[in-house]
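Just so it is clear: chains get the letters A, B, ... in the order the sequence lines come, proteins before strands, and each one is counted from 1.
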2 protein chains.
Amino acid sequence: MPEIHAARRRRAQEKIAETGADAALITAGPNVRYLTGLASSNAALLLAADGAAVLATDSRYTLAAQRDCPDVEVISERFIETRLAAELAGRGLRTVAFEAHEMTVERHAELVARAGGVTVIPFGRKIEELRTVKDPSEIELLGTACRISCQAIADTFALIRPGLTERQLAAALDARMTALGAERPAFDTIVASGPNGAIPHHAPTDRPLRRGDLITMDFGALYGGYHADMTRTVALGEPAGWQREIYELVAAAQRAGLDAARPDADVADVDAAARDLIRDAGHGDHFQHGLGHGVGLEIHEAPAIGYGRTGKLASRVPVTVEPGVYLPGRGGVRIEDVLVVGAGGTGLLTTTTRELLVL
Amino acid sequence: MPEIHAARRRRAQEKIAETGADAALITAGPNVRYLTGLASSNAALLLAADGAAVLATDSRYTLAAQRDCPDVEVISERFIETRLAAELAGRGLRTVAFEAHEMTVERHAELVARAGGVTVIPFGRKIEELRTVKDPSEIELLGTACRISCQAIADTFALIRPGLTERQLAAALDARMTALGAERPAFDTIVASGPNGAIPHHAPTDRPLRRGDLITMDFGALYGGYHADMTRTVALGEPAGWQREIYELVAAAQRAGLDAARPDADVADVDAAARDLIRDAGHGDHFQHGLGHGVGLEIHEAPAIGYGRTGKLASRVPVTVEPGVYLPGRGGVRIEDVLVVGAGGTGLLTTTTRELLVL
């Protein structure tokens, strides 16, 4: 799909022109992939405001770059920074914008030293901003990632029984996602059972599941570079009153968050729609993370939906909505879906039931 | 094991004192983990030359930090950089070393602005240098990661047959590693068959394996935070003359590299021991990546073993030795093991046969 990437580069050129720079040096991996299609852990794109594009990567990725980016000049170079600094100087560029949120202090110092005479200015998160609103091909890939995730959890529910460990359950979920076509899990799968459910980012342990546990599974498939991210919490055996109570609270908060996530909504208001319900129920201290985040070529990307965050949602922006209640020493509940803002009834990409499943 | 981390922090204190700084702000995730035991995607350690230590992380990781780091002051804070900048100023620190190879230009600018009056100086890769020589607990974890990897490939050889796709083979290998106790694969598993073998970092595709293929599998288990990394190339059906020829060449080069990887050896000489054989056989242009790298809490860490690299190996440093020959359009061979330098006969952590398996 070289033409999709060429179209994205044209939009990026406008952003470069707005900064007054002659070119931008794009070094954030997901941004390079977005603009060229090349997935590489060591690549950078020098994109001029006039459209000239040079993609530098090392020999491990050269063939892939030439295949995926036929319309971009590909440079194969071990030390891509050194080479690109020489390109900056050699191409007569005067002002080059760079990704200050990605480039380290050390690499920046080397770049400035080697590109002698070129003025470097921060480019900001211009490419990340372009990336928030997804094109149809991206929503299709993300939708596939979410469908794989939903099918995987549906298939995995059947395995949940006392004695199975958190790690075994996580492995089963991961294997199922891969078997269904995921490149790999989009992030380290969380399985948190019983008291471990109180730790939002718990890493799976050898703790065996027990009757009376709530079990939180936070997982997602990676497909075509796009990251699904969903969470379900289920009960093993009939839940106690407090378990059902916090489940229903989180479910209600999540519905409120999903409803509030509309085009032009302020992200702090979306967060508040869910958080206020949890706070009013006396659990404000038990929900300390943000309500959600964008997903795409990165598992966490703009926009961040949280208290103290600023900005508005827009159509075709996929976001997670993931409130939770965490009771130290006892357990927790989180429910999370991916919603494409402004897409109406087809916007919810994760369709697994949000009712409390008692297994 | 809080005492292991306390001992590491004492060694780090000496490095801080050497720089003349009052404290170091450690922000690289693997370094934070090395010094505290906390595995978190959002944590930083402020370590004073006098031993005072403050670990900042957000609420997702607070309970884990308090559990894993009982002897360190834990601060739970959403915006850890902002809070730590205030700590720098509030604790009367005058000079603080920071990790210039990890901190972005943007975060550095914020830190300097908020920590008003504090002088920040680059710390260099001092913690990475400490990390190169592994303590016994680390070699044990890495050894387990390697044993899991070897068992997984042994179990997976039996599945290799015409028609199985690269992706299916990679998924089977990943699932086997996880079933054997890996936290997850240490990196994206590479399965490159037939002509795809010419791409050193090929991502598995739906290409079905065919009789006459060489199949390169580059993979490893993650265990206790430590990354195994090994590669085997096998033949599906009787190999052609050119295939056997490049296999034997790479195998000989790999043996030469393993033999050369001794304490006090110069890394460029280790690289040359393997590379010269390949070059003398006329394949110098077909082996463009470095010979190997350290492994540990990161999949690629110091020392880098390659042409143009400097430095010497030392005892208890685990490194990979991974020469390859890649023939564009035809295929390739790579063989890779993890060797603990200076450990004699017990140093090779990956024990899978290096003979050409014909399946």
Side-chain angles (χ1 to χ4, degrees), chain A residues 39-42 58-64 67 76 78-79 98-109 120 122 124-125 167-168 170-172 174-179 181-185 187-189 198-204 206 222 287-290 300 306-308 326 328-329, chain B residues 39-42 58-64 67 76 78-79 98-109 120 122 124-125 167-168 170-172 174-179 181-185 187-189 198-204 206 222 287-290 300 306-308 326 328-329:
Chain A
S40 163
S41 62
N42 188 30
D58 67 51
S59 63
R60 297 173 301 172
Y61 300 101
T62 310
L63 289 179
R67 181 192 62 203
S76 178
R78 260 176 95 202
F79 301 108
F98 75 103
E99 299 194 292
H101 60 291
E102 193 282 332
M103 190 174 289
T104 65
V105 173
E106 183 176 277
R107 284 161 55 220
H108 178 258
V120 298
R125 290 175 165 74
R167 278 168 41 80
Q168 288 170 333
D174 289 353
R176 197 69 202 121
M177 286 193 285
T178 312
E183 286 159 46
R184 55 176 173 82
F187 54 92
D188 288 357
T189 293
I199 303 176
H201 266 227
H202 176 70
D206 291 324
L222 180 70
F287 172 38
Q288 297 202 3
H289 59 73
H300 294 112
Y307 53 104
Y326 311 97
Chain B
S40 163
S41 61
N42 187 31
D58 67 52
S59 62
R60 297 173 301 172
Y61 300 102
T62 310
L63 289 178
R67 179 193 63 203
S76 178
R78 262 176 95 203
F79 301 108
F98 75 102
E99 298 193 293
H101 59 291
E102 192 282 334
M103 191 174 288
T104 65
V105 173
E106 183 176 276
R107 284 162 53 220
H108 178 259
V120 298
R125 290 175 166 72
R167 277 168 43 81
Q168 288 170 333
D174 290 354
R176 197 70 201 120
M177 287 193 284
T178 311
E183 288 159 44
R184 58 177 171 81
F187 54 92
D188 289 355
T189 293
I199 303 177
H201 266 228
H202 175 70
D206 291 323
L222 180 70
F287 172 38
Q288 298 203 3
H289 59 73
H300 294 112
Y307 53 106
Y326 311 97

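- Most heavy-atom pairs under 4.5 Å with chain B, from the set A:Gly306, A:Gly181, A:Ala64: that is A:Gly181.
- The residue among B:Arg167, B:His202, B:His108, B:Glu99 with the most heavy atom pairs within less than 4.5 Å of chain A is B:Arg167.
- Listed options B:Ala203, B:Pro204, B:Ser40, B:Ala182 were ranked by heavy-atom pairs under 4.5 angstrom with chain A; first place goes to B:Ala182.
- In terms of heavy atoms, A:Ile199 sits closest to B:Leu63 at CG1-CD1, 3.9 Å.
- Remark: A:His289 engages A:Phe287, A:Tyr326 in a ring-ring contact (aromatic ring centres under 6.0 Å, His included) (not counting sequence neighbours).
- For a residue to count as touching a neighbouring chain, one of its non-hydrogen atoms must lie under 4.5 Å from one of that chain's; by this rule B:Arg67 touches chain A with the side chain only.
- Here the CZ-CZ distance, from A:Phe187 to B:Arg184, works out to 12.0 Å after rounding to the nearest 0.5 Å.
- Partners of B:His201 under the ring-ring contact (aromatic ring centres under 6.0 Å, His included) rule, at least two apart in sequence or in another chain, are A:Tyr61.
- Nearest approach of A:Ala175 to B:Ala175, heavy atoms of both residues: CB-CB, 4.3 Å.
- Contact count against chain B (heavy-atom pairs under 4.5 Å) is highest for A:Asp188 among A:Thr62, A:Thr189, A:Asp188, A:Thr178.
- Residue contact with chain A, scored on non-hydrogen atoms closer than 4.5 Å, involves the backbone of B:Glu102 exclusively.
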